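Before any comments, here is the structure.
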Amino acid sequence: MARMKFLCDAERCIECNGCVTACKQEHDVPWGVNRRRVVTINDGVPGERSMSVACMHCSDAPCMAVCPVDCFYRTEEGVVLHDKDLCIGCGYCFYACPFGAPQFPQTSAFGMRGKMDKCTFCAGGPEEDGSGAEFRKYGRNRLAEGKLPACAEMCSTKALLGGDGDVVADIFRNRVLVRGKGSEVWGWGTAYGKPK
């Protein structure tokens with residue numbers, strides 16, 4: 001079975017927020033929740049980079065480790081989902097996630113309460129695939145329809161890749177080779193800058 005993953009190519013992301021809009025439209029995401037967001041590093045400075053960020057569906061997901069009611073689970077495809085019927089809204093997953101993926105829906109301008117919400121990789125939830133209950137709680141189940149996540153499909157520059165982890169890695173590897181960066185794309189020089 002394929003292991004589903006996201007990858008955002010910072011060299012291609014143009015900060016259009018098409019992925020954010022596609023997600024909200026596809027799943028009727030409630031006000032105050034952004035399952036996906038675009039983050040810009042060094043905004044306004046030459047060399048700024050933007051990335052689309054959401055739940056990374058971690059292999060060793062910290063949200064699963066800290067949940068006191070075990071509402072998080074992993075599908076056969078490696079997608080980390082949660083059961084909103086079990087969620088007690090404690091917020092532990094919010095604090096444990098390094099990507100800020102789980103969020104409280106904002107019910108008013110002054111308070112946040114309720115069941116947690118997060119990116120589902122367009123895989124729905126524990127209810128029957130394509131059911132009305134599944135859509136109301138989790139949004140559309142595009143994986144059951146044989147489609148990719150809406151955010152990745154909508155990305156106009158194909159900066160955001162989503163799907164089988166091996167295929168996504170091959171696409172990115174080919175892009176790196178075409179750019180001519182080779183091995184210097186990874187390592188200390190890339191992470192911390194060249195010594196001056």
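Because the structure is predicted, anything quoted here is derived from the model rather than measured.
Of all heavy-atom pairs between Gly100 and Arg37, the closest is O-NH1, 4.0 Å. The two atoms that bring Ser50 and Thr40 nearest to each other are OG-OG1, 2.9 Å, heavy atoms only. The minimum heavy-atom distance between Glu134 and Ala123, with the atom names listed, is OE2-O, 4.2 Å. Minimum interatomic distance between Pro149 and Arg142 (heavy atoms only, all atoms of both residues): C-NE, 3.9 Å. The two residues Ile14 and Ser156 make their nearest non-hydrogen contact at CD1-OG, 4.4 Å. Across all their heavy atoms, Cys93 and Pro102 have their closest contact at SG-CB, 3.6 Å.
Side-chain atoms of Arg74 come within 3.5 Å of backbone N or O of Ser59 as a donor-acceptor pair. A donor-acceptor pair under 3.5 Å is formed between the side chain of Arg12 and the backbone N or O of Thr157. Between the side chain of Lys158 and the main chain of Glu153, a donor-acceptor pair closer than 3.5 Å is present. Using modelled atom types, one side-chain atom of Lys115 and one backbone atom of Cys87 make a donor-acceptor pair closer than 3.5 Å. In this structure, the side chain of Glu26 does not engage the main chain of Ala22 through any donor-acceptor pair within 3.5 Å. Of the possible polar contacts, one joining the Lys84 side chain to the Lys137 backbone as a donor-acceptor pair under 3.5 Å is found. A donor-acceptor pair is defined here as one N or O able to donate and one able to accept, closer than 3.5 Å; such a pair exists between the side chain of Lys5 and the backbone of His57. Not one N or O on the side chain of Tyr138 forms a donor-acceptor pair closer than 3.5 Å with the backbone of Glu127. Distance alone, capped at 3.5 Å, places no donor-acceptor pair between the Gln103 side chain and the Asp117 backbone.
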Test side chain to side chain contact (heavy atoms under 4.5 Å, CB included) applied to Thr75 and Leu81, step by step: CA-CA 7 Å; Thr75 66; Leu81 298 175; 3.6 Å; yes

Lys24 vs Asn34, side chain to side chain contact (heavy atoms under 4.5 Å, CB included): CA-CA, chis, key distance, verdict: CA-CA 7 Å; Lys24 287 185 107 31; Asn34 282 322; 3.5 Å; yes

Start with the C-alpha gap between Val80 and Cys58, add the side-chain angles, then the distance that decides, and say whether side chain to side chain contact (heavy atoms under 4.5 Å, CB included) holds. CA-CA 7 Å; Val80 176; Cys58 306; 5.6 Å; no

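In this structure, SG in Cys63 is found 4.5 Å from CZ in Phe72, a value given to the nearest 0.5 Å. Going from atom CG of Leu161 over to atom CZ of Arg175 covers 4.5 Å, rounded to the nearest 0.5 Å. Asn17 contributes atom CG, which lies 12.0 Å from atom SG of Cys23 (distance to the nearest 0.5 angstrom). Rounded to the nearest 0.5 angstrom, Cys19 SG and Phe6 CZ are separated by 9.5 Å.
A heavy-atom distance below 4.5 Å is found between the side chains of Arg35 and Thr120. Within the 4.5 Å cutoff, side-chain heavy atoms of Phe104 are placed close to those of Met116. At least one side-chain heavy atom of His27 sits under 4.5 Å from a side-chain heavy atom of Cys122. The shortest distance between side-chain heavy atoms of His82 and Cys71 falls below 4.5 Å. Taking 4.5 Å as the limit, some side-chain heavy atom of Glu11 sits within range of a side-chain heavy atom of Arg49. Looking at heavy atoms from C-beta onward, Met56 lies out of side-chain contact with Pro98 at the 4.5 angstrom threshold. With a 4.5 Å cut-off on side-chain heavy atoms, Cys90 and Pro68 count as touching.
The neighbour count for Met154 CE, taken as heavy atoms of other residues, nucleotides or ligands under 6.0 Å away, does not exceed 12. The number of heavy-atom neighbours closer than 6.0 Å to CD of Gln25, taken from other residues, nucleotides and ligands shown, is 12 or below. Environment of CZ in Phe94: sparse, with no more than 12 heavy atoms of neighbouring residues, nucleotides or ligands closer than 6.0 Å. More than 12 heavy atoms of other shown residues, nucleotides or ligands fall within 6.0 angstrom of atom CZ in Phe135.
Tracing side-chain contacts under 4.5 Å through hydrophobic residues (I, L, V, M, F, W, Y), one never reaches Leu148 starting from Leu143; they form parts of separate clusters. Residues Tyr73 and Met4 share a hydrophobic cluster, clusters being chains of Ile/Leu/Val/Met/Phe/Trp/Tyr side chains in contact below 4.5 Å. Leu7 and Leu160 fall into different hydrophobic clusters, where Ile, Leu, Val, Met, Phe, Trp and Tyr are joined by side-chain heavy atoms under 4.5 Å apart, directly or via other members. Met64 and Tyr92 sit in two unconnected hydrophobic clusters of ILVMFWY residues. Membership requires side-chain heavy atoms under 4.5 Å apart, directly or through other members. In the hydrophobic clustering of ILVMFWY residues, with side-chain heavy atoms under 4.5 Å counting as a link, Val176 and Val167 come out together.
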